[in-house]
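Since the structure comes first, as C-alpha coordinates, the remarks are kept for the end.
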Amino acid sequence: MASTSDNALVPRSDLSRFIQRVRVLQHGPSEDAYVRLPDGTVELVVRVLPGTCDVHALGPREHVQRKSATEVPPETLGLQFKPGGAYPFFGLPMSELAHRSLSIDTLWGRADGERLRASLADAPSVQARLRTLEAALVDRLHRDDVFEPAAAYLVRRGIRLVTEASEIPRVSDLARTLGVSERNLRRAFDDVLGMGPKAFARLVRFRRAIQASESTFRGTRPDWGAIATGVGYYDQAHLIADFRAVTGTTPTAWLRARAA
DNA sequence: CTCGGCTGTAGCTGGATGCC
DNA sequence: GGCATCCAGCTACAGCCGAG
(Lines give C-alpha, C1' and ligand atoms only; values in the text may rest on other atoms or scores of the structure.)
Protein backbone atom coordinates (compact mmCIF):
# COMPACT_ATOMS: atom_id res chain seq x y z
CA MET A 1 0.00 0.00 0.00
CA ALA A 2 1.49 3.32 -0.97
CA SER A 3 0.60 6.40 0.95
CA THR A 4 -0.58 9.26 -1.19
CA SER A 5 2.19 11.80 -1.18
CA ASP A 6 1.07 15.39 -0.97
CA ASN A 7 2.43 18.06 -3.18
CA ALA A 8 1.03 20.95 -1.16
CA LEU A 9 -0.62 23.88 -2.89
CA VAL A 10 -1.97 26.87 -1.00
CA PRO A 11 -5.68 27.70 -1.35
CA ARG A 12 -6.54 31.35 -1.99
CA SER A 13 -7.18 33.35 1.15
CA ASP A 14 -10.91 34.00 0.68
CA LEU A 15 -11.49 30.23 0.60
CA SER A 16 -9.17 29.31 3.45
CA ARG A 17 -12.01 29.19 6.01
CA PHE A 18 -13.68 26.45 3.94
CA ILE A 19 -10.68 24.53 2.60
CA GLN A 20 -8.37 22.35 4.65
CA ARG A 21 -5.76 21.58 2.02
CA VAL A 22 -5.07 21.26 -1.66
CA ARG A 23 -2.85 18.51 -3.01
CA VAL A 24 -1.74 16.78 -6.15
CA LEU A 25 -2.42 13.09 -5.72
CA GLN A 26 0.68 11.14 -6.61
CA HIS A 27 0.99 7.42 -6.18
CA GLY A 28 3.72 4.92 -5.65
CA PRO A 29 4.17 1.55 -7.33
CA SER A 30 1.64 -0.44 -5.28
CA GLU A 31 -1.98 -1.21 -6.13
CA ASP A 32 -3.63 1.32 -3.82
CA ALA A 33 -2.78 4.71 -5.27
CA TYR A 34 -5.10 6.60 -2.99
CA VAL A 35 -5.79 5.79 0.63
CA ARG A 36 -8.08 8.22 2.41
CA LEU A 37 -8.61 7.99 6.13
CA PRO A 38 -12.13 9.01 7.11
CA ASP A 39 -12.30 12.41 8.77
CA GLY A 40 -15.77 13.77 7.99
CA THR A 41 -14.59 15.93 5.11
CA VAL A 42 -15.60 16.28 1.46
CA GLU A 43 -12.89 16.21 -1.21
CA LEU A 44 -13.36 17.73 -4.65
CA VAL A 45 -11.27 15.75 -7.13
CA VAL A 46 -10.20 16.91 -10.60
CA ARG A 47 -8.88 14.19 -12.91
CA VAL A 48 -7.25 15.03 -16.21
CA LEU A 49 -8.44 12.64 -18.90
CA PRO A 50 -7.64 12.64 -22.63
CA GLY A 51 -9.30 15.78 -24.06
CA THR A 52 -11.39 16.50 -20.97
CA CYS A 53 -11.51 16.79 -17.20
CA ASP A 54 -13.60 14.86 -14.72
CA VAL A 55 -14.72 16.63 -11.53
CA HIS A 56 -16.47 14.87 -8.71
CA ALA A 57 -17.01 15.29 -4.99
CA LEU A 58 -16.13 12.47 -2.61
CA GLY A 59 -18.58 12.67 0.26
CA PRO A 60 -17.79 12.21 3.94
CA ARG A 61 -17.15 8.61 4.92
CA GLU A 62 -16.70 6.56 8.05
CA HIS A 63 -14.40 3.95 6.52
CA VAL A 64 -11.06 3.99 4.74
CA GLN A 65 -11.37 4.63 1.04
CA ARG A 66 -8.93 3.12 -1.44
CA LYS A 67 -8.50 3.80 -5.13
CA SER A 68 -6.29 1.99 -7.61
CA ALA A 69 -3.60 3.67 -9.73
CA THR A 70 -5.82 3.51 -12.83
CA GLU A 71 -8.46 5.56 -11.02
CA VAL A 72 -5.94 8.26 -10.10
CA PRO A 73 -4.19 9.48 -13.28
CA PRO A 74 -1.15 11.80 -13.02
CA GLU A 75 -1.81 15.41 -11.97
CA THR A 76 -5.06 14.52 -10.20
CA LEU A 77 -5.97 17.49 -8.03
CA GLY A 78 -7.64 17.03 -4.64
CA LEU A 79 -9.26 19.95 -2.87
CA GLN A 80 -10.20 18.91 0.63
CA PHE A 81 -12.79 20.98 2.47
CA LYS A 82 -12.74 21.45 6.22
CA PRO A 83 -15.36 19.42 8.13
CA GLY A 84 -18.64 21.15 7.25
CA GLY A 85 -16.79 23.48 4.84
CA ALA A 86 -18.27 21.99 1.67
CA TYR A 87 -21.85 22.69 2.69
CA PRO A 88 -22.20 26.25 1.28
CA PHE A 89 -20.96 25.21 -2.17
CA PHE A 90 -23.25 22.37 -3.16
CA GLY A 91 -26.75 23.42 -2.16
CA LEU A 92 -27.78 20.04 -0.78
CA PRO A 93 -27.68 18.36 2.64
CA MET A 94 -24.31 16.67 3.08
CA SER A 95 -26.16 13.54 4.22
CA GLU A 96 -27.04 13.10 0.52
CA LEU A 97 -23.33 13.11 -0.33
CA ALA A 98 -22.25 10.84 2.53
CA HIS A 99 -20.58 7.60 1.40
CA ARG A 100 -21.07 8.66 -2.21
CA SER A 101 -19.19 10.24 -5.06
CA LEU A 102 -21.19 12.69 -7.18
CA SER A 103 -20.13 14.38 -10.41
CA ILE A 104 -20.04 18.17 -10.61
CA ASP A 105 -22.74 17.96 -13.31
CA THR A 106 -25.07 16.32 -10.79
CA LEU A 107 -24.20 18.79 -8.07
CA TRP A 108 -24.19 22.06 -10.00
CA GLY A 109 -26.31 21.15 -12.99
CA ARG A 110 -25.16 20.06 -16.42
CA ALA A 111 -24.52 23.53 -17.89
CA ASP A 112 -22.35 24.76 -15.00
CA GLY A 113 -20.61 21.41 -14.75
CA GLU A 114 -19.73 21.32 -18.44
CA ARG A 115 -18.49 24.93 -18.36
CA LEU A 116 -16.19 24.19 -15.43
CA ARG A 117 -14.86 20.98 -16.95
CA ALA A 118 -14.13 22.76 -20.25
CA SER A 119 -12.26 25.56 -18.45
CA LEU A 120 -10.25 23.01 -16.49
CA ALA A 121 -9.39 21.09 -19.66
CA ASP A 122 -8.08 24.32 -21.22
CA ALA A 123 -5.90 25.16 -18.20
CA PRO A 124 -2.24 24.47 -19.00
CA SER A 125 -1.00 23.37 -15.55
CA VAL A 126 -2.02 22.03 -12.16
CA GLN A 127 -1.69 25.54 -10.72
CA ALA A 128 -3.93 26.95 -13.46
CA ARG A 129 -6.52 24.23 -12.84
CA LEU A 130 -6.51 25.01 -9.14
CA ARG A 131 -7.09 28.73 -9.82
CA THR A 132 -9.92 27.87 -12.24
CA LEU A 133 -11.56 25.60 -9.69
CA GLU A 134 -11.21 28.17 -6.92
CA ALA A 135 -12.71 30.90 -9.11
CA ALA A 136 -15.71 28.66 -9.76
CA LEU A 137 -16.10 28.02 -6.01
CA VAL A 138 -15.94 31.73 -5.17
CA ASP A 139 -18.48 32.45 -7.88
CA ARG A 140 -20.71 29.77 -6.39
CA LEU A 141 -20.34 31.24 -2.92
CA HIS A 142 -21.47 34.68 -4.08
CA ARG A 143 -24.59 33.49 -5.87
CA ASP A 144 -27.93 34.54 -4.44
CA ASP A 145 -29.28 31.01 -4.29
CA VAL A 146 -26.44 29.76 -2.10
CA PHE A 147 -26.74 30.65 1.56
CA GLU A 148 -25.33 29.50 4.83
CA PRO A 149 -28.01 28.80 7.45
CA ALA A 150 -27.60 29.01 11.21
CA ALA A 151 -27.06 25.24 11.28
CA ALA A 152 -23.65 25.70 9.65
CA TYR A 153 -22.54 28.04 12.43
CA LEU A 154 -23.88 25.66 15.07
CA VAL A 155 -22.05 22.69 13.56
CA ARG A 156 -18.78 24.62 13.23
CA ARG A 157 -18.96 25.38 16.95
CA GLY A 158 -19.78 21.74 17.66
CA ILE A 159 -16.86 20.54 15.56
CA ARG A 160 -14.51 22.88 17.40
CA LEU A 161 -15.75 21.66 20.78
CA VAL A 162 -15.22 18.03 19.78
CA THR A 163 -11.82 18.44 18.13
CA GLU A 164 -10.38 20.71 20.82
CA ALA A 165 -11.62 18.73 23.82
CA SER A 166 -9.09 16.42 25.44
CA GLU A 167 -12.00 14.17 26.41
CA ILE A 168 -14.64 13.80 23.69
CA PRO A 169 -18.02 14.97 25.07
CA ARG A 170 -21.30 13.08 24.95
CA VAL A 171 -23.89 14.22 22.44
CA SER A 172 -26.26 15.29 25.21
CA ASP A 173 -23.50 17.39 26.87
CA LEU A 174 -22.50 18.87 23.53
CA ALA A 175 -26.11 19.90 22.81
CA ARG A 176 -26.42 21.48 26.26
CA THR A 177 -23.16 23.41 25.81
CA LEU A 178 -24.35 24.70 22.44
CA GLY A 179 -27.79 25.60 23.81
CA VAL A 180 -29.84 23.40 21.46
CA SER A 181 -31.78 20.16 21.79
CA GLU A 182 -30.08 16.87 20.94
CA ARG A 183 -32.58 16.38 18.13
CA ASN A 184 -31.71 19.72 16.58
CA LEU A 185 -27.98 19.14 16.95
CA ARG A 186 -28.22 15.82 15.13
CA ARG A 187 -30.25 17.37 12.31
CA ALA A 188 -27.71 20.15 11.91
CA PHE A 189 -24.77 17.71 11.85
CA ASP A 190 -26.54 15.54 9.28
CA ASP A 191 -27.20 18.51 7.00
CA VAL A 192 -23.86 20.29 7.29
CA LEU A 193 -21.44 17.44 7.90
CA GLY A 194 -23.20 14.39 6.48
CA MET A 195 -22.91 12.39 9.71
CA GLY A 196 -24.13 12.57 13.29
CA PRO A 197 -22.13 14.13 16.12
CA LYS A 198 -21.32 10.73 17.59
CA ALA A 199 -19.95 9.39 14.31
CA PHE A 200 -17.81 12.51 13.89
CA ALA A 201 -16.51 12.26 17.46
CA ARG A 202 -15.66 8.63 16.82
CA LEU A 203 -13.57 9.59 13.78
CA VAL A 204 -11.76 12.28 15.79
CA ARG A 205 -10.87 9.70 18.41
CA PHE A 206 -9.79 7.18 15.78
CA ARG A 207 -7.52 9.71 14.07
CA ARG A 208 -5.96 10.62 17.40
CA ALA A 209 -5.15 6.94 17.89
CA ILE A 210 -3.58 6.78 14.41
CA GLN A 211 -1.48 9.88 15.09
CA ALA A 212 -0.41 8.60 18.50
CA SER A 213 0.60 5.21 17.08
CA GLU A 214 2.50 6.69 14.12
CA SER A 215 4.40 9.08 16.34
CA THR A 216 5.41 6.29 18.70
CA PHE A 217 5.92 3.53 16.09
CA ARG A 218 9.54 4.00 14.92
CA GLY A 219 10.26 0.35 14.33
CA THR A 220 9.23 -0.66 17.84
CA ARG A 221 5.89 -2.07 18.89
CA PRO A 222 3.50 0.62 20.10
CA ASP A 223 1.79 0.15 23.44
CA TRP A 224 -1.76 -0.18 22.14
CA GLY A 225 -3.26 -0.26 25.61
CA ALA A 226 -1.69 3.08 26.49
CA ILE A 227 -2.61 4.60 23.13
CA ALA A 228 -6.21 3.36 23.45
CA THR A 229 -6.81 4.77 26.91
CA GLY A 230 -4.81 7.90 26.06
CA VAL A 231 -7.17 8.92 23.26
CA GLY A 232 -10.41 7.91 24.97
CA TYR A 233 -11.04 4.21 24.28
CA TYR A 234 -11.96 2.04 27.20
CA ASP A 235 -9.14 -0.42 26.40
CA GLN A 236 -7.12 -1.88 23.54
CA ALA A 237 -9.89 -4.33 22.64
CA HIS A 238 -12.18 -1.46 21.69
CA LEU A 239 -9.43 0.31 19.76
CA ILE A 240 -8.88 -2.88 17.74
CA ALA A 241 -12.61 -3.22 17.09
CA ASP A 242 -12.72 0.37 15.83
CA PHE A 243 -9.65 -0.21 13.67
CA ARG A 244 -11.30 -3.22 12.10
CA ALA A 245 -14.51 -1.30 11.48
CA VAL A 246 -12.76 1.69 9.87
CA THR A 247 -9.77 0.17 8.06
CA GLY A 248 -10.72 -3.50 7.79
CA THR A 249 -7.47 -4.51 9.45
CA THR A 250 -5.75 -4.63 12.84
CA PRO A 251 -3.65 -1.72 14.18
CA THR A 252 -0.35 -3.60 13.87
CA ALA A 253 -1.10 -4.72 10.31
CA TRP A 254 -2.12 -1.18 9.40
CA LEU A 255 1.12 0.32 10.73
CA ARG A 256 3.21 -2.34 9.04
CA ALA A 257 1.53 -1.55 5.72
CA ARG A 258 2.03 2.19 6.21
CA ALA A 259 5.69 1.69 7.06
CA ALA A 260 6.17 -0.45 3.96
C1' DC B 1 -41.55 25.50 8.29
C1' DT B 2 -38.82 24.78 12.37
C1' DC B 3 -38.26 22.77 16.60
C1' DG B 4 -38.49 19.43 20.21
C1' DG B 5 -40.58 15.30 22.55
C1' DC B 6 -41.43 10.38 22.21
C1' DT B 7 -40.20 5.77 20.94
C1' DG B 8 -38.22 1.56 18.82
C1' DT B 9 -33.96 -0.09 17.46
C1' DA B 10 -29.17 -0.36 15.92
C1' DG B 11 -24.87 0.19 17.44
C1' DC B 12 -21.58 1.50 21.05
C1' DT B 13 -19.45 0.96 25.67
C1' DG B 14 -17.80 -1.39 29.61
C1' DG B 15 -16.20 -5.56 31.05
C1' DA B 16 -14.76 -10.33 30.94
C1' DT B 17 -12.47 -13.98 28.87
C1' DG B 18 -9.97 -17.00 25.63
C1' DC B 19 -6.46 -17.96 22.16
C1' DC B 20 -1.85 -17.52 20.32
C1' DG C 1 1.31 -9.10 25.91
C1' DG C 2 -1.35 -8.60 21.78
C1' DC C 3 -5.39 -9.62 19.55
C1' DA C 4 -10.12 -11.23 19.13
C1' DT C 5 -14.80 -12.34 20.58
C1' DC C 6 -18.81 -12.16 23.33
C1' DC C 7 -22.53 -10.09 26.08
C1' DA C 8 -25.48 -6.98 28.93
C1' DG C 9 -26.66 -2.44 29.46
C1' DC C 10 -26.70 1.98 27.69
C1' DT C 11 -26.55 5.67 24.19
C1' DA C 12 -27.35 7.71 19.81
C1' DC C 13 -30.05 7.63 15.84
C1' DA C 14 -34.06 8.04 12.89
C1' DG C 15 -38.89 8.30 12.12
C1' DC C 16 -43.07 10.19 13.54
C1' DC C 17 -45.92 13.69 15.20
C1' DG C 18 -47.68 17.78 17.48
C1' DA C 19 -46.90 22.68 18.96
C1' DG C 20 -45.71 27.28 17.89
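Proteins get letters first, then strands, A, B, ... in listed order; numbering begins at 1 in each. Atom set for the values below is all heavy atoms of this structure, side chains included, hydrogens, waters and symmetry mates excluded.
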Lys/Arg N to Asp/Glu carboxylate O, A:Glu43 vs A:Arg23, below 4.0 Å: yes
Position toward the 5' end of DNA chain B (nearest nucleotide), A:Arg170 or A:Asn184: A:Asn184
A:Arg12, CZ atom: more than 12 neighbouring heavy atoms under 6.0 Å: yes
Candidate list A:Leu141, A:Leu79, A:Leu137, test side chain to side chain contact (heavy atoms under 4.5 Å, CB included), partner A:Phe18, passing option: A:Leu141
Phosphate OP1/OP2 of B:dT2 contacted by A:Arg187 side-chain N/O (<4.0 Å): no
Value in whole Å for how far the C1' atom of B:dC12 lies from CD1 of A:Ile168: 14 Å
Side-chain N,O (A:Arg186) to OP1/OP2 (C:dA12) below 4.0 Å: no
A:Arg183 (side chain) and C:dG15 (base): donor-acceptor pair under 3.5 Å: yes
Sugar-phosphate, base or nothing in reach of A:Ala237, heavy atoms under 4.0 Å: base
Residues A:Asp173 and A:Arg176 bridged, charged N to O under 4.0 Å: yes
Euclidean distance, atom OH of residue A:Tyr233 to atom P of B:dG15 [Å, nearest integer]: 17 Å
Angle by which the axis turns from one end of the helix from B:dC1-C:dG20 to B:dC20-C:dG1 to the other, five pairs per end, to 10 degrees: 30°
Sugar-phosphate only, base, or nothing, as touched by A:Arg244 at under 4.0 Å among non-hydrogen atoms: sugar-phosphate
Donor-acceptor side-chain pairing of A:Ser13 and A:Ser16 below 3.5 angstrom: no
Sugar-phosphate only, base, or nothing, as touched by A:Glu182 at under 4.0 Å among non-hydrogen atoms: nothing
Heavy-atom closest pair, residues A:Arg17 and A:Lys82: O-CD, 3.5 Å
Value in whole Å for how far the P atom of C:dC10 lies from NZ of A:Lys198: 16 Å
Whole-Å gap separating C1' (B:dC19) and CD (A:Gln236): 13 Å
Touch class at under 4.0 angstrom, heavy-atom based, for A:Pro251 against every strand present: nothing
Between C1' of B:dC3 and CG of A:Leu178, the distance in whole Å: 16 Å
Value in whole Å for how far the P atom of B:dC3 lies from CG of A:Asp191: 10 Å
Distance, rounded to the nearest Å, where A:Phe189 contributes CZ and B:dC3 contributes C1': 18 Å
Whole-Å gap separating P (C:dG1) and CD1 (A:Ile240): 14 Å
Distance (rounded to the nearest 0.5 Å) between A:Tyr233 OH and A:Ile240 CD1: 11.0 Å
Given DNA chain B, 5'-ward residue of the pair A:Arg202 and A:Tyr234, judged by closest heavy atom: A:Arg202
